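Chain letters run A, B, ... following the sequence lines, proteins first and then strands; every chain starts at 1. On a predicted model such as this, the values are computed, not experimentally measured, just so you know.
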Amino acid sequence: MNKIVEKEFFSENVAKLVIEAPEIAVSRKPGHFVIIRIDEKGERIPLTIASSDSEKGTITLVIQKVGVTSAKMLALETGDFIRDVVGPLGEATHIEKIGTVLCAGGGVGVAPLLPIVEGFKKAGNRVITVLAARSKDLVILEEQMREFSDEVIIMTDDGSYGTKGLVTHGMEEVINREKVNLSVVIGPAIMMKFAALTTKKYNIKTYASLNTIMVDGTGMCGACRITVGGKTKFVCVDGPEFDAHEVDFDQMMSRLGAYKEQEMEAYENYLKTVE
Amino acid sequence: MEKVAEYLKIERAQEWRGELRKSMKAKERTSRERVDMLERDPDIRNKNIDEVNLGLTEELALLEAQRCLDCPNPTCISGCPVGINIPKFIKKIDAHDFLGAAVVLKETNALPAVCGRVCPQEKQCENNCFYTISLKKPAVAIGHLERFAADFERDSGKVAIPVVAESNGIKVAVIGSGPAGLSAAGDLRKLGYDVTVFEALHEIGGVLKYGIPEFRLPNEIVDVEINVMRDMGVKFVTNFIVGKTASVEDLKAQGFEAFFIGSGAGLPRFMNIPGENFNGIFSSNEYLTRVNLMNAANPEYDTPVLSGKNVAVIGGGNTAMDSVRTAKRLGAERAMIIYRRSEEEMPARLEEVKHAKEEGIEFMTLHNPVEYFADENGRVNRVRIQKMELGEPDASGRRRPYPISDSEFEIDVDTVVVSVGVSPNPIIPSSIPDLKMTDWGTIVVDKETMQSSIPGLFAGGDIVRGGATVILAMGDGRKAAAGMHKYLQEKVKK
């Protein structure tokens, strides 16, 4: 049982939860994720860790309402408990001093990007961060990102904040302006796909952190498998970060939709119980 | 070993055993027919998850126990990986002391109700029974009797807690709560150690919970045996991945002095054929975990599972049988096994194959999938299959299958479960520098003590064997517990 010690809404459907998990708070590194099960009847879902406080023994997760489990999580209050939290899982991000790192985050993908931005900055790199969202109210963690980035570029679909346009426009602006040694992209699969196509054009090594369907998260089930460079890989133990130019994003998107019908039905049933 | 032989001799010489032997002529015992396990009707059971086997009645158990000759040299024991005193427990049943029989089982077996259900007795104790070896008759139904004694004890509500030695205050860690880990934990606790079992999942039991289906091994039965261990003083920690949540070094710093790794064969194998990553294609681990551990078939639970009309399960082992019989229970109209060799080479237990056939499972032996196809949503809808024929025996002693050219054809499927084996889970080994591994990713251990290349670190079960049975894992756990005891006692002396 893990207690929620803080909850803050970033927007209507996105919130930050700070959860007691003392061992994970100590052992986790940038790139790691946890698997949670909200209650006895809940499913196991992976969530990337945005930050942690080893002294307080807490980890921070950012959750977007997309289905039953995320909706139930956002309905929890400070003081409530999550039945199971296990981790940290996956391979940590390989952080080194390489020069200029272009980080791009879309939607709630910005949350797991934060520790990576922090890590690369602290390792002595020049870090430029592009944050993309549909509109101004969906831009999250901007202040924290500014703290660890040499520059933050905001892109919104509707132009309500920063520059109007897609994440790839912001990335290309940087690439055309200066030498980029490495890029890290995290966000919806479709965003990562096009971000990867952009950096490939300029031959910039790029990592994408993938969030697929998982059950155990320890390599046991293979639900998270995707094709990388023609080979089947398990996101939970081989990833979650992969060479973005080698990932079959179309397959990943198809696999993410494997339970679309059941998920929609379950969500409708859930909404009825809440109303 | 001499000590064991001596112990068995003394036990056999006890008066009650002698009297029982005299009470019936050997000829009368051997003239009896072996009793059959009661089973649920196939057409009813393939629509629910109730247990298929129903056990023996007291009358049947007594009849069967009388068949046992209480041999002076009980060869059956040599076939038991955990060394149960088989004649003693059977003679306790013969003497109407059913609770006493359960106590005998628990002297060496932490999970008798489990073993009575899932052990391949026909390849182990029963294969070494005097009836099998010398009389060429059906063996004493040792497995059925084990289950009977364990179930009788549980149903009586008088579950005996094994005697635990006085606590010695030495902390030991068991990593993984499957059969290997539970067996090691039970023995170590009996010796007086302060035992903590660390489990990665949210439930204790490993493959007994996530893998073996309810209709073959109800979770409730596993929980009763785990609760006995709790009552013995074994501590359990769930949601804790050694090597991730904390390292072996971290645990050493917390005072743990020896470790047993029983983390299992986590990684499912796929065949690497085109289309294998389409939706609706599962590893047997995923399919069974969703249904068994996560209760996906119960609408009250959030976890979904794709359950189709035409389900193909690839493979011929026990896990394949569990998967295909699960598919039938989830409503498949056509649930089929596709196996590349013939039925003779199938690694599954005969009982599982028989039960599967009774339940209406189709067997496509000497067939192998070569490619999958999908609809516009990426869901598998067809599989192309190739016919096979058998050639010369390979390294495993089984005849090697070869494809027959131009024999390919396609069938409609909407769900596929790939059950072609597992590889060892890499999480723990990769977190321990200098741990000696084989090329197959299993941990190298001393066969007698189960100690790895690192002193104080022992291992057993599938992480050493790469994929075996519950009972072999349990045998490893016992051996390792003895090895750890020796190691720790020598360490204390220094």
Side-chain angles (χ1 to χ4, degrees), chain A residues 1-2 21 23-24 26-28 32 34-45 67-69 72 83-91 215-227 231-232 234 237 248 250-263 265-266 269-270, chain B residues 199-203 206-207 210-211 237-241 243-247 250 263-270 272 276-290 293-296 298-306 374 377-379 418 422-428 430:
Chain A
M1 299 286 270
N2 302 65
E23 282 117 347
I24 301 172
V26 172
S27 48
R28 76 101 204 176
H32 278 150
V34 290
I35 293 258
I36 68 109
R37 191 175 69 130
I38 198 160
D39 56 34
E40 211 40 61
K41 290 178 178 164
E43 59 183 337
R44 292 171 65 100
I45 62 159
V68 173
T69 303
K72 281 183 182 172
R83 183 74 185 75
D84 301 291
V85 178
V86 62
L89 293 160
E91 291 292 317
V215 184
D216 64 291
T218 62
M220 201 182 80
C221 79
C224 65
R225 68 191 192 277
I226 49 147
T227 305
K231 289 199 175 110
T232 293
F234 287 9
V237 287
D248 182 343
D250 293 329
Q251 184 188 71
M252 179 186 160
M253 282 183 263
S254 170
R255 288 186 63 79
L256 277 169
Y259 296 94
K260 212 184 264 167
E261 280 173 40
Q262 285 97 325
E263 283 163 2
E265 197 190 322
N269 289 337
Y270 169 76
Chain B
E199 167 57 47
L201 290 171
H202 56 264
E203 283 262 6
V207 73
Y210 74 72
V237 180
T238 52
N239 294 323
F240 196 108
I241 304 174
K244 290 282 182 191
T245 312
S247 65
D250 294 334
S263 52
L267 238 42
R269 279 192 213 133
F270 288 93
N272 298 314
E276 214 173 14
N277 290 346
F278 284 132
N279 292 329
I281 303 181
F282 299 89
S283 72
S284 49
N285 271 0
E286 179 184 357
Y287 191 67
L288 292 172
T289 299
R290 283 181 182 273
L293 181 74
M294 306 307 296
N295 276 305
N298 181 338
E300 283 181 28
Y301 285 74
D302 292 343
T303 302
V305 66
L306 299 172
N377 297 319
R379 170 83 182 253
V418 182
V422 283
S423 302
N425 195 314
I427 287 183
I428 294 169
S430 65

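When the candidates B:H202, B:R379, B:M294, B:K244 are compared by the number of heavy-atom contacts under 4.5 Å with chain A, B:H202 comes out ahead. The residue among B:V418, B:I281, B:N298, B:N295 with the most heavy atom pairs within less than 4.5 Å of chain A is B:I281. In terms of heavy-atom pairs under 4.5 angstrom with chain B, the leader among A:V85, A:I45, A:I24, A:L89 is A:V85. Listed options A:T218, A:V68, A:I226 were ranked by heavy-atom pairs under 4.5 angstrom with chain B; first place goes to A:T218. In terms of non-hydrogen atom pairs under 4.5 Å with chain B, the most contact-rich of A:R44, A:Q251, A:E23 is A:R44.
Heavy atoms of A:R28 lying under 4.5 Å from chain B are absent altogether. Residue contact with chain A, scored on non-hydrogen atoms closer than 4.5 Å, involves the backbone and the side chain of B:L267 alike. For A:A266, no part sits under 4.5 Å from any heavy atom of chain B, backbone or side chain. For chain A, the nearby part of B:Y210 is the side chain; its heavy atoms alone come within less than 4.5 Å.
In the model, A:T232 has a side-chain atom that pairs as donor or acceptor with a side-chain atom of B:N277 under 3.5 Å. Between A:D216 and B:T289, the side chains place no donor N or O within less than 3.5 Å of an acceptor N or O (distance only, hydrogens not considered).
A distance of 11.5 Å separates CG of B:N239 from CE of A:M1, quoted to the nearest 0.5 Å. Note that CG of A:D84 and OG1 of B:T238 are 6.5 Å apart. Values are rounded to the nearest 0.5 Å. Rounded to the nearest 0.5 angstrom, B:L306 CG and A:Q262 CD are separated by 5.5 Å. The NZ atom of A:K72 sits 3.5 Å away from atom CG of B:D302, with the distance rounded to the nearest 0.5 Å. Note that SG of A:C221 and CZ of B:F282 are 10.0 Å apart. Values are rounded to the nearest 0.5 Å.
Shown here for B:E276 and A:R225, the closest heavy-atom pair between the two residues is O-NH2, 2.7 Å. Heavy atoms only, all atoms of each residue included: A:R255 and B:N279 are closest at CA-OD1, 3.3 Å. Contact between B:P304 and A:E43 at its shortest, heavy atoms only, is CD-OE1, 3.9 Å. When all heavy atoms of B:P268 and A:G222 are compared, the pair lying nearest together is CG-N, 4.2 Å. For the pair B:T245 and A:S27, the tightest heavy-atom approach, listed with the atom from each and the gap, is O-OG, 3.1 Å.
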